[in-house]
Each structure stands twice: as C-alpha cells, then as structure tokens.
Number of protein chains: 2
Amino acid sequence: MKQFTVGKLSSEAEINVETVRYYESIGLMPKPKRTESGYRVYSEADLGRLKFVKKSQRLGFTLKEIKELLFMRIDEETTCRDLKEMAEQKIKEVDSKIRELKKIKKALEILASQCHSSGPKSECPILENLEK
Amino acid sequence: MKQFTVGKLSSEAEINVETVRYYESIGLMPKPKRTESGYRVYSEADLGRLKFVKKSQRLGFTLKEIKELLFMRIDEETTCRDLKEMAEQKIKEVDSKIRELKKIKKALEILASQCHSSGPKSECPILENLEK
DNA sequence: CTTGACTCCGTAGTATGCTACAGCCCTTAT
DNA sequence: ATAAGGGCTGTAGCATACTACGGAGTCAAG
C-alpha cells in the first residue's frame with residue numbers, strides 16, 4: 001500500500017503543501033498518521049480525498065459544502081437522493097449567478113453602445129449613466 | 001447647497017455609515033470637510049460620487065476599478081474611448097465568467113442526471129464521479 | 001559526514017469588502 | 001438639564017481560500 005509524505009501527496013494532487021496543512025486545520029483533510037519524527041504519512045485514500053476536494057471545488061462547491069459532501073460520503077443515513085439534491089441545489093445557484101451576470105452584461109453593453117468614442121468626455125454617456 | 005452628515009449621506013445612498021468611512025480610508029471617497037467638533041460634512045457631489053460607486057459595483061466593477069473610474073472621471077487625459085474600453089473589458093470578463101459557469105452547470109447536470117435517486121449510495125454516480 | 005531538500009509548527013499576511021466594538025464626545029429634542 | 005441618538009477614532013473581526021515566513025529538526029544522496 002502506497003504511502004506519501006505531505007510533499008508527495010500535494011504534488012500528486014497538484015496542490016500546495018501549505019494548502020494540505022490548511023485543509024487539515026479546517027477538518028477537510030483528516031489528521032494523518034505520523035512517522036516517529038513527526039512527519040505526516042498519507043495513504044492512497046487520502047490522495048483520493050484530496051482529489052475529491054479539488055474536483056468538487058471546480059464544480060463550484062465551497063470548502064464548507066465539500067466538507068458536507070465528504071461527510072455524506074461516509075454517512076450511513078445519506079442516500080443517493082440526498083446527493084442528487086445537493087447537486088441540484090448547486091445547479092440552481094450556478095444558474096442564478098449566470099442570469100445575474102447576463103443582466104450585468106446587457107447593462108454594460110447598452111452603456112458601451114451609447115458611447116461612440118468621440119466627443120468630449122464630459123458628455124460621455126457612460127459617465128452620465130453611472131452618475132445617475 | 002445641501003450638506004449632509006455621514007449618517008444622512010449613508011442613508012440617502014442606502015449604504016452603511018461604516019462603509020462610507022471605509023471608502024474614505026481606501027481613498028474611494030474624499031476626506032470631507034469637518035465641523036468644528038470634527039463631524040464629517042458632505043456635499044451633494046459626494047452623494048453623487050457614492051451613488052456612482054454603488055452603480056459601478058452593481059455592474060461588476062471592483063472597488064479598485066471604481067477608484068480608477070473615479071479618477072478617469074476627472075482626469076484631463078482620459079477620453080471617451082478610454083471609458084468605452086473599460087466597459088468593453090468588463091464585458092469580456094463577465095462573458096468569460098458566464099461561459100465558465102455554463103460549463104460547470106453542464107457538468108453538474110450530467111452528474112445529477114446519472115443519479116436516479118435509488119440504489120445504494122455506495123454506487124451513486126455522483127460520488128463515483130467526484131472520486132475519479 | 002555534510003549539504004541541500006524536505007518537514008515541522010505557529011503565526012501572520014494577502015485579497016475583497018465590509019462590519020463591529022469600545023470608550024469617548026457632540027447635538028438635539030423634551 | 002438630561003437622555004437618546006448621532007458621531008469620533010482606532011483596532012479587530014468576519015468570510016473565503018489560501019500563501020508566506022521564521023527557526024527549527026530530519027532525511028537522503030554523494
């Protein structure tokens with residue numbers, strides 16, 4: 001069974017050593033076994049966990065939510081449906097962010113289109129609009 | 001010419017008093033005149049500036065960028081075109097965020113669709129996928 | 001056996017944008 | 001006159017997610 005030092009683990013997961021320690025401090029990574037001299041010793045399962053964290057993060061989950069996902073992963077009470085709900089909740093959040101950004105984009109486009117890059121700045125419709 | 005205390009100003013702009021002071025500390029709001037007893041005194045122009053900040057913020061500009069916008073607003077060298085470029089740059093940023101979120105949304109939807117909310121959690125495709 | 005890379009710990013700093021608090025002074029209404 | 005409700009300052013805290021640093025001990029290669 002493979003074992004890793006914190007440096008190996010973090011390079012495998014393409015993550016900073018400090019970040020691994022940080023994750024440990026907030027309970028996202030478990031407290032690992034130690035060598036006699038105090039060095040952290042990680043297993044393949046720990047690497048999997050770290051990758052789980054990274055992947056979840058890329059999907060827009062916060063560390064707090066990932067902590068919950070990790071708990072659900074081992075919790076007896078958690079059902080498949082619970083996990084699906086978690087994903088669907090996140091979809092809703094992402095979707096509402098998208099809609100908000102689209103509104104912002106539209107507003108900016110209107111602003112930009114009103115300005116013809118000529119004339120004195122004092123009459124620039126962008127400034128005029130922002131000042132309203 | 002209307003004058004405001006910090007409390008009046010902040011309630012007019014629907015912003016926290018502390019936030020106004022914070023904006024002053026980072027140079028986003030100017031150091032206002034003071035009464036003899038040291039109270040801040042604001043003008044209508046200051047209120048306009050505060051609203052400018054709020055509106056820009058709603059359009060996705062960071063405080064740092066707003067600081068620049070405020071500078072451009074009074075800078076002689078700044079042209080209308082510069083402002084338009086600033087807006088277009090922000091449009092690009094917003095657009096790239098939207099595209100990123102759409103990717104995330106799609107990935108989450110695939111994840112959720114694979115799970116039929118039944119069967120043991122140990123075989124939940126959501127977990128399986130996240131563990132890869 | 002030495003040297004350099006790695007690890008340890010705790011604390012503090014970064015970035016963003018506020019928000020809260022303590023202990024005091026000032027203003028305004030009753 | 002007094003009390004409530006502002007306002008003042010400086011510092012610290014919150015939330016998120018790291019990143020850096022100092023001063024030490026440890027391990028492995030040559």
Side-chain angles (χ1 to χ4, degrees), chain A residues 3-42 46 49-70 90 93-94 97 100-101 104, chain B residues 3-42 46 49-70 90 93-94 97 100-101 104:
Chain A
Q3 304 217 121
F4 307 88
T5 60
V6 67
K8 285 274 159 61
L9 184 87
S10 55
S11 64
E12 281 287 323
E14 292 182 291
I15 229 171
N16 205 312
V17 171
E18 309 287 349
T19 305
V20 177
R21 291 208 327 105
Y22 169 66
Y23 285 173
E24 183 183 326
S25 79
I26 61 169
L28 205 55
M29 286 295 284
K31 294 195 176 182
K33 285 187 301 184
R34 299 290 184 124
T35 63
E36 270 177 42
S37 58
Y39 280 28
R40 287 171 177 79
V41 179
Y42 293 100
D46 294 319
R49 185 168 172 136
L50 203 48
K51 286 182 178 174
F52 183 99
V53 171
K54 265 195 83 180
K55 187 143 189 183
S56 306
Q57 215 174 10
R58 277 201 298 273
L59 288 176
F61 290 98
T62 65
L63 295 188
K64 198 175 166 188
E65 287 163 344
I66 295 168
K67 215 165 157 177
E68 190 172 354
L69 282 173
L70 285 164
K90 186 51 68 177
E93 280 173 39
V94 170
K97 265 187 211 161
E100 203 189 325
L101 286 174
I104 287 172
Chain B
Q3 305 216 122
F4 307 88
T5 61
V6 67
K8 284 275 160 60
L9 185 87
S10 55
S11 64
E12 282 286 323
E14 292 182 291
I15 230 171
N16 205 312
V17 172
E18 308 287 349
T19 305
V20 177
R21 292 209 325 105
Y22 169 67
Y23 285 174
E24 183 183 327
S25 79
I26 60 167
L28 206 55
M29 287 295 285
K31 294 195 174 181
K33 285 187 303 184
R34 300 289 184 124
T35 63
E36 271 176 41
S37 57
Y39 280 26
R40 288 172 178 78
V41 179
Y42 292 100
D46 294 319
R49 185 168 171 135
L50 204 47
K51 286 183 177 172
F52 183 98
V53 171
K54 265 195 81 180
K55 188 143 190 181
S56 306
Q57 215 173 10
R58 278 200 298 274
L59 287 175
F61 290 97
T62 65
L63 296 189
K64 198 175 166 188
E65 288 163 341
I66 296 169
K67 215 165 157 180
E68 190 173 356
L69 281 174
L70 286 164
K90 186 51 71 178
E93 279 174 39
V94 170
K97 265 188 209 160
E100 202 190 327
L101 286 174
I104 287 172

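The basis for the numbers below is simple: all heavy atoms, side chains too, and nothing from hydrogens, waters or symmetry mates.
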For [N], take OP1 and OP2 only and decide whether either is under 4.0 Å from a side-chain N or O of [X].
X       : N      : answer
A:Thr5  : C:dC6  : no
A:Arg40 : C:dT7  : no
A:Thr19 : D:dT19 : yes
B:Gln57 : C:dC18 : yes
A:Tyr23 : D:dC18 : yes

For this session: Starting from the C-alpha separation in whole Å, work towards a yes-or-no answer on side-chain contact (heavy atoms from CB on, under 4.5 Å) for A:Val53 and A:Leu70.
Result: CA-CA 8 Å; A:Val53 171; A:Leu70 285 164; 4.1 Å; yes

Would you mind reading off the distance between [X] atom [atom1] and [N] atom [atom2], rounded to a whole angstrom?
X       : N      : atom1 : atom2 : answer
A:Lys67 : D:dA17 : NZ    : C1'   : 13 Å
B:Tyr22 : C:dG17 : OH    : P     : 7 Å
B:Glu24 : C:dC18 : CD    : P     : 15 Å
B:Leu63 : C:dG17 : CG    : P     : 4 Å
B:Lys8  : D:dG7  : NZ    : P     : 8 Å
B:Ile26 : D:dG10 : CD1   : C1'   : 17 Å
A:Glu18 : D:dT16 : CD    : P     : 21 Å
A:Phe4  : D:dC27 : CZ    : P     : 19 Å

Exercise. Say you draw a straight line from CZ of B:Arg49 to CG of B:Leu28; how long is it, rounded to the nearest 0.5 Å?
Worked result: 6.5 Å

Problem set entry | Side chain B:Arg21 and base D:dG7 donor-acceptor under 3.5 Å | no

Problem set entry | Side chain of B:Thr62 - closest among D:dG7, C:dC8, C:dG17 | C:dG17

Problem set entry | Nearest to side-chain heavy atoms of A:Tyr39, which nucleotide of D:dC18, C:dT19, D:dC27 | D:dC27

Exercise. Under the 3.5 angstrom rule, does the side chain of B:Lys54 hit a backbone N or O of B:Ala13 as a donor-acceptor pair?
Worked result: yes

Exercise. Within the side chain of A:Lys67, is there an N or O that forms a donor-acceptor pair under 3.5 Å with the backbone of A:Ile26?
Worked result: yes

Exercise. Does the side chain of B:Phe52 reach to within under 4.5 Å of the side chain of B:Leu69, using non-hydrogen atoms?
Worked result: yes

For this session: Would you classify A:Glu65 as touching base, sugar-phosphate or nothing, given that sugar-phosphate means primed atoms plus P, OP1 and OP2, and contacts are heavy atoms under 4.0 Å?
Result: nothing

Exercise. What pair of heavy atoms forms the shortest contact from A:Leu9 to A:Phe4, and how long is it?
Worked result: N-CB, 3.9 Å

For this session: Give, ordered by number, those residues of residues 27-38 of chain A having at least one heavy-atom distance below 4.0 Å to an atom of DNA chain C; if nothing qualifies, reply none.
Result: A:Arg34, A:Gly38

Exercise. Is the shortest side-chain N to carboxylate O distance from B:Glu93 to B:Lys90 below 4.0 Å?
Worked result: yes

